[in-house]
Colleague: 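Before I ask anything, let me first share the structure, which is written out below as structure tokens.
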Amino acid sequence: MQRQHDRIASKNRDQFAEQEKRSRINHSKRTVGRHEVQSWTRATKQSLCLMWQKVKIQLMLSMSFLVTVFWYCRRLYGFLAELLKRWSDYLQRKLIKNRSVLAEVDLLGYSAREWKGETKQAKHMREAYNELFWNCHIKYLRQVKKDNYCVLRAVLFQILSQGIPFPSWMRERDILKLPEKLLYSQGCNWIQQYSFGPERYTGPNAFGKLRKCMETLKTNWIEISGTKDHEERGNLCNTLFSDESKEHRLYEAIKFIMLYEVVEAYEQIKNREEPIPHLFSRLLARDTSSDPLSFMMNHLNSIGDSGCLDQVEIFLLGYLLEVKIRVYRLHRFNTEEFQVNYPDEYRREWNEISLLTEDDRYYHIPVIRT
């Protein structure tokens, strides 16, 4: 019995020891597992932190780059915008500076600026301007460049800006052939002495230059008068009357047409053909223009250079362009010559334009508002 009891006790001790051993082994395994998990977790965190640091640095660099690029682009945009604005202002100032017919200004404001003081002449001029404002419905004024083309500029600008078409006689003839006709058909070889205003050119190439002048007049007149939109027509006129070389060709063409008309009238008088308008008799009655050659040499050649149109030549200008030119002569205020029509023999269907002058030399454009 005792032996059996000892065997059982020994067996129990062995089982307990085995269980204890297994328990220690399991505990050890669990401890190692926890350490492995913790180690893996720590390594993962460290890897993620390193990756985030790298990504964070890249993001910061990228953001800094983008901010720098945006700043430079903004500065460049501002610089280009300012440069464009300055260039636009420069072009606008240059266009206005070169424009020979300025924008409308208030009539009475212009009068107050130009005729200050209490002299007799200043008071007389202010009274004349008041008369225009209150009784003639002239509220504004367009200043015209003061040179020896002044009256031609003021007349032609109004004709083009109002869209007035070619005169009827110009539509029936090709005005480009007028220099050729005068030179070859009527034997006027002396037109080689024609002078082109301030250019003072005379010589064998006068015929070719005259033809170019006629082409410029015809092309621009047809284009502008054919433009129906008033604003667009005004812009075309402003552009044309800012180009000095084109302007001068227009005026020289008008001068030559005046010469052509005088030659035609002179031939009719010589041949005792149909009656001619009285203005030609008045023009040819002058000692300085008794024939077409003297008219050209003593009058036309100086226009644009050292002289401008006389009163009788403005009559001729209105006649050949088929417009009634009403001139307000402020220095003749309170006389019968305050308002004068050129020519005095005009047809009812002719268009009317207006000029304003303080001295019969320089002219401006009055703007009527009813």
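All of these numbers come straight from a predicted model, not from anything done at the bench.
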Colleague: Does S111 reach the main-chain N or O of L107 with its side chain, forming a donor-acceptor pair under 3.5 Å?
Modeller: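 Pair absent, no side-chain N/O of S111 close to backbone of L107.
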Colleague: So, do M258 and L309 sit near enough that their side-chain heavy atoms are less than 4.5 Å apart?
Modeller: yes
Colleague: Please examine the side chains of I368 and S354, heavy atoms only from C-beta on, and report whether any two atoms are closer than 4.5 Å.
Modeller: yes
Colleague: Does the side chain of C213 reach to within under 4.5 Å of the side chain of K255, using non-hydrogen atoms?
Modeller: no
Colleague: For salt bridge (charged side-chain N to carboxylate O under 4.0 Å, His left out), just list the numbers for E352 and R326, CA-CA rounded to whole Å, side-chain angles, deciding distance to a tenth of an Å, and then say yes or no.
Modeller: CA-CA 7 Å; E352 180 177 324; R326 173 168 291 180; 3.6 Å; yes
Colleague: Going through the checks in order, is the salt bridge (charged side-chain N to carboxylate O under 4.0 Å, His left out) test met by E264 and R173?
Modeller: CA-CA 14 Å; E264 290 273 287; R173 309 181 195 180; 3.8 Å; yes
Colleague: Does E199 form a salt bridge (charged side-chain N to carboxylate O under 4.0 Å, His left out) with K209? I'd like the steps, not just the answer.
Modeller: CA-CA 12 Å; E199 190 176 344; K209 290 175 70 68; 2.9 Å; yes
Colleague: Quick one: which residue pairs count as a ring pair (Phe, Tyr, Trp, His ring centres under 6.0 Å) with a foot in residues 319-341, not counting sequence neighbours?
Modeller: H124-F333, F280-Y319, F333-F338
Colleague: Distance from H299 atom NE2 to L316 atom CG, nearest 0.5 Å?
Modeller: 12.0 Å
Colleague: Atom CD1 of I164 and atom CG of L321: how far apart are they, to the nearest 0.5 Å?
Modeller: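 Atom-to-atom, I164:CD1 and L321:CG are 9.5 Å apart.
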Colleague: Answer with yes or no whether the side chains of E358 and Y129 bring together a donor and an acceptor at under 3.5 Å.
Modeller: yes
Colleague: Among L236, D243, L240, find the one that has a side-chain contact (heavy atoms from CB on, under 4.5 Å) with N220.
Modeller: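 Looking at L236, D243, L240, the match for N220 under the side-chain contact (heavy atoms from CB on, under 4.5 Å) is L240.
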Colleague: Given side chains that start at C-beta, do those of V155 and L355 come closer than 4.5 Å, heavy atoms only?
Modeller: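 With C-beta onward as the side chain, the pair touches.
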Colleague: Pairing donors with acceptors under 3.5 angstrom, does anything connect the side chains of H278 and E345?
Modeller: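 Not at all, the side chains of H278 and E345 share no donor-acceptor pair under 3.5 Å.
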Colleague: Restricting to ring pair (Phe, Tyr, Trp, His ring centres under 6.0 Å), what partner residues turn up for F315, sequence neighbours left out?
Modeller: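 Counting only residues at least two positions away or on another chain, F315 forms a ring pair (Phe, Tyr, Trp, His ring centres under 6.0 Å) with Y342.
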Colleague: Working to the nearest 0.5 angstrom, can you tell me the gap between L284 CG and I269 CD1?
Modeller: 5.0 Å
Colleague: Could you state the interatomic distance from CG (L183) to CZ (F207), rounded to the nearest 0.5 Å?
Modeller: 6.0 Å
Colleague: Could you walk me through whether K212 and E215 pass salt bridge (charged side-chain N to carboxylate O under 4.0 Å, His left out), step by step?
Modeller: CA-CA 5 Å; K212 286 182 180 179; E215 288 173 353; over 6 Å; no
Colleague: At their closest point, which heavy atom of T216 faces which heavy atom of K246, and how far apart are they?
Modeller: CG2-O, 4.1 Å
Colleague: Looking at side-chain heavy atoms only, is the closest gap between E127 and W115 below 4.5 Å?
Modeller: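 Counting from C-beta outward, E127 and W115 never come under 4.5 Å.
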Colleague: Would you call K145 and E247 a salt bridge, using N to O less than 4.0 angstrom?
Modeller: no
Colleague: For the backbone of K177 and the side chain of E180, can you confirm whether one donor and one acceptor N or O come within less than 3.5 Å of each other?
Modeller: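 Not at all, since once roles are kept as given, no pair shorter than 3.5 Å links the two residues.
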Colleague: With sequence neighbours excluded, tell me which residues meet salt bridge (charged side-chain N to carboxylate O under 4.0 Å, His left out) with R249.
Modeller: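 Here no residue qualifies.
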Colleague: What is the distance from atom SG of C237 to atom CD of E232, rounded to the nearest 0.5 Å?
Modeller: 11.0 Å
Colleague: Is any side-chain heavy atom of L330 closer than 4.5 Å to a side-chain heavy atom of E131?
Modeller: no
Colleague: For S161, is there any backbone N or O sitting under 3.5 Å from a side-chain donor or acceptor partner on R233?
Modeller: yes
Colleague: Does R282 pair with D344 as a salt bridge, N-O distance under 4.0 Å?
Modeller: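 The answer is yes: the pair qualifies as a salt bridge.
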Colleague: Would the Y149 and H248 ring centres measure less than 6.0 Å apart?
Modeller: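 Under 6.0 Å, so yes.
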Colleague: If only atom types and distance count, is the side chain of N130 paired as donor or acceptor with the main-chain N or O of R126 below 3.5 Å?
Modeller: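 Side chain of N130 to backbone of R126, a donor-acceptor pair under 3.5 Å: yes, one is there.
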Colleague: Is the closest side-chain heavy-atom distance between F166 and S225 below 4.5 Å?
Modeller: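 F166 vs S225: side chains apart.
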Colleague: Any sub-3.5 Å donor-acceptor pair from N301's side-chain atoms to Q193's backbone N or O?
Modeller: yes
Colleague: With rounding to the nearest 0.5 Å, note down the distance linking CD1 in I138 to CZ in R369.
Modeller: 11.5 Å
Colleague: Determine whether L300 and I303 make a side-chain contact, defined as any pair of heavy atoms from C-beta on separated by less than 4.5 Å.
Modeller: yes
Colleague: Checking the side chain of K139 only, and the main-chain atoms of F133 only, is there a donor and an acceptor separated by less than 3.5 Å?
Modeller: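 Yes; at least one donor-acceptor contact below 3.5 Å.
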Colleague: Checking side-chain hydrogen bond (donor to acceptor under 3.5 Å, both in side chains) against R329, which of D360, T357, D359 comes through?
Modeller: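 Per the side-chain hydrogen bond (donor to acceptor under 3.5 Å, both in side chains) rule, the option paired with R329 is D360, out of D360, T357, D359.
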Colleague: Is there a side-chain hydrogen bond (donor to acceptor under 3.5 Å, both in side chains) between R332 and T335? Walk through the geometry before answering.
Modeller: CA-CA 6 Å; R332 297 292 186 182; T335 71; 5.6 Å; no
